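Report on the structure given below.
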Amino acid sequence: EAGVTQFPSHSVIEKGQTVTLRCDPISGHDNLYWYRRVMGKEIKFLLHFVKESKQDESGMPNNRFLAERTGGTYSTLKVQPAELEDSGVYFCASSQDRGVSRQFFGPGTRLTVL
Amino acid sequence: DAKTTQPPSMDCAEGRAANLPCNHSTISGNEYVYWYRQIHSQGPQYIIHGLKNNETNEMASLIITEDRKSSTLILPHATLRDTAVYYCIVRAPGEGGSEKLVFGKGMKLTVNP
């Protein structure tokens with residue numbers, strides 16, 4: 001069974017540019033989560049999809065971040081325009097059920113904004 | 001904010017048991033205790049979870065005190081590959097509740113040869 005995959009693994013962009021991160025969850029997992037760790041801080045939750053619906057987006061930092069999950073399969077996280085403080089590692093996770101279910105994490109995308 | 005307290009770091013000798021403590025004195029009756037770890041720069045990895053009974057799987061054992069205010073993750077025979085940051089997380093499941101994991105600073109376990 002393939003795990004959670006993320007693309008790209010690394011991205012280096014300049015301030016003001018746009019970047020789109022992609023996450024492919026484990027097949028059949030309705031729940032998809034985005035987290036990030038910035039500049040040595042703790043891993044922070046960004047948002048949670050149930051299928052194509054945003055269930056909880058309380059962790060989204062501002063309106064420069066847009067997450068989508070059209071069709072309820074893969075998800076994209078767009079940062080536009082990127083700022084220096086957006087540099088960090090963005091993790092995606094998926095789970096089969098809600099509640100007690102464990103979350104499976106992808107390897108992350110390392111974003112560097114210059 | 002994280003609802004758990006862990007020591008910042010711990011060392012363990014290879015082949016010995018590693019006992020990782022966690023305090024969660026404000027845990028609610030419906031909150032589970034989860035353990036995840038992050039090896040180097042990989043994504044976090046689920047280890048185990050429990051409510052009030054002790055749990056064991058192929059990776060570790062989880063011992064939860066009777067008052068549920070603390071727990072211990074036990075790696076029975078630590079290997080060098082167990083060197084990682086370990087996160088103790090409490091979370092309530094169920095409809096209407098947030099599904100997010102709240103990661104604190106975690107505890108860096110170093111397994112020495």
Side-chain angles (χ1 to χ4, degrees), chain A residues 2-7 9-10 21 23-26 29-51 53-60 67 88-112, chain B residues 1-6 8-9 22 27-53 55-60 62 64 73 84-108:
Chain A
V4 176
T5 59
Q6 294 186 244
F7 183 83
S9 58
H10 294 83
L21 313 181
C23 169
D24 285 78
I26 293 173
H29 283 194
D30 288 341
N31 297 276
L32 188 149
Y33 312 82
W34 284 97
Y35 294 82
R36 73 171 182 175
R37 181 202 294 274
V38 297
M39 292 302 291
K41 299 280 186 67
E42 298 160 16
I43 299 172
K44 295 289 188 183
F45 167 84
L46 295 178
L47 88 159
H48 168 210
F49 283 100
V50 178
K51 296 183 180 179
S53 300
K54 293 177 184 176
Q55 185 68 30
D56 179 0
E57 51 186 329
S58 61
M60 294 290 267
V89 183
Y90 290 75
F91 294 105
C92 175
S94 72
S95 68
Q96 187 168 29
D97 302 308
R98 299 188 63 181
V100 185
S101 183
R102 57 185 283 194
Q103 295 181 19
F104 295 82
F105 282 78
T109 292
R110 180 173 295 277
L111 174 65
T112 301
Chain B
D1 291 335
K3 301 180 181 180
T4 64
T5 304
Q6 301 175 254
S9 63
C22 180
I27 193 169
S28 301
N30 64 339
E31 288 184 314
Y32 283 70
V33 180
Y34 290 79
W35 283 83
Y36 282 76
R37 72 181 181 183
Q38 187 176 24
I39 297 174
H40 193 41
S41 56
Q42 299 176 20
Q45 177 190 28
Y46 166 87
I47 300 173
I48 198 168
H49 73 275
L51 182 62
K52 54 184 177 181
N53 296 321
E55 302 288 345
T56 295
N57 63 21
E58 66 280 2
M59 291 182 68
L62 174 60
I64 302 174
L73 178 74
V85 178
Y86 287 76
Y87 297 94
C88 172
I89 298 168
V90 298
R91 182 169 75 86
E95 295 296 324
S98 175
E99 299 288 310
K100 66 184 179 185
L101 296 173
V102 179
F103 289 86
K105 292 181 170 57
M107 189 200 79
K108 176 65 184 296

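Below, read A as the first sequence line, B as the second, and so on, with proteins coming before strands; counting in each chain starts at 1. Just so you know, these numbers come straight off a predicted model, no measurement behind them.
For a residue to count as touching a neighbouring chain, one of its non-hydrogen atoms must lie under 4.5 Å from one of that chain's; by this rule Ser95(A) does not touch chain B. The contact between Gln103(A) and chain B is made by backbone and side chain atoms together, counting heavy-atom distances below 4.5 Å.
The shortest distance between side-chain heavy atoms of Ile43(A) and Tyr87(B) falls below 4.5 Å.
Between the OH atom in Tyr34(B) and the CZ atom in Arg102(A) there is a gap of 11.0 Å [rounded to 0.5 Å]. Atom NZ of Lys100(B) and atom CG of Leu47(A) lie 11.5 Å apart (nearest 0.5 Å).
The backbone N or O of Leu101(B) sits less than 3.5 Å from a side-chain atom of Tyr35(A), completing a donor-acceptor pair.
Other residues, nucleotides and ligands contribute only 12 or fewer heavy atoms inside 6.0 Å of the NZ atom of Lys51(A).
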Requested in this report: Applying side chain to side chain contact (heavy atoms under 4.5 Å, CB included), run through Phe105(A) and Gln42(B) and close with a yes or a no.
Outcome: CA-CA 9 Å; Phe105(A) 282 78; Gln42(B) 299 176 20; over 6 Å; no
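Nearest heavy-atom pair, Glu42(A) versus Gly104(B), reported as atom, atom and distance to 0.1 Å: CG-O, 3.6 Å.
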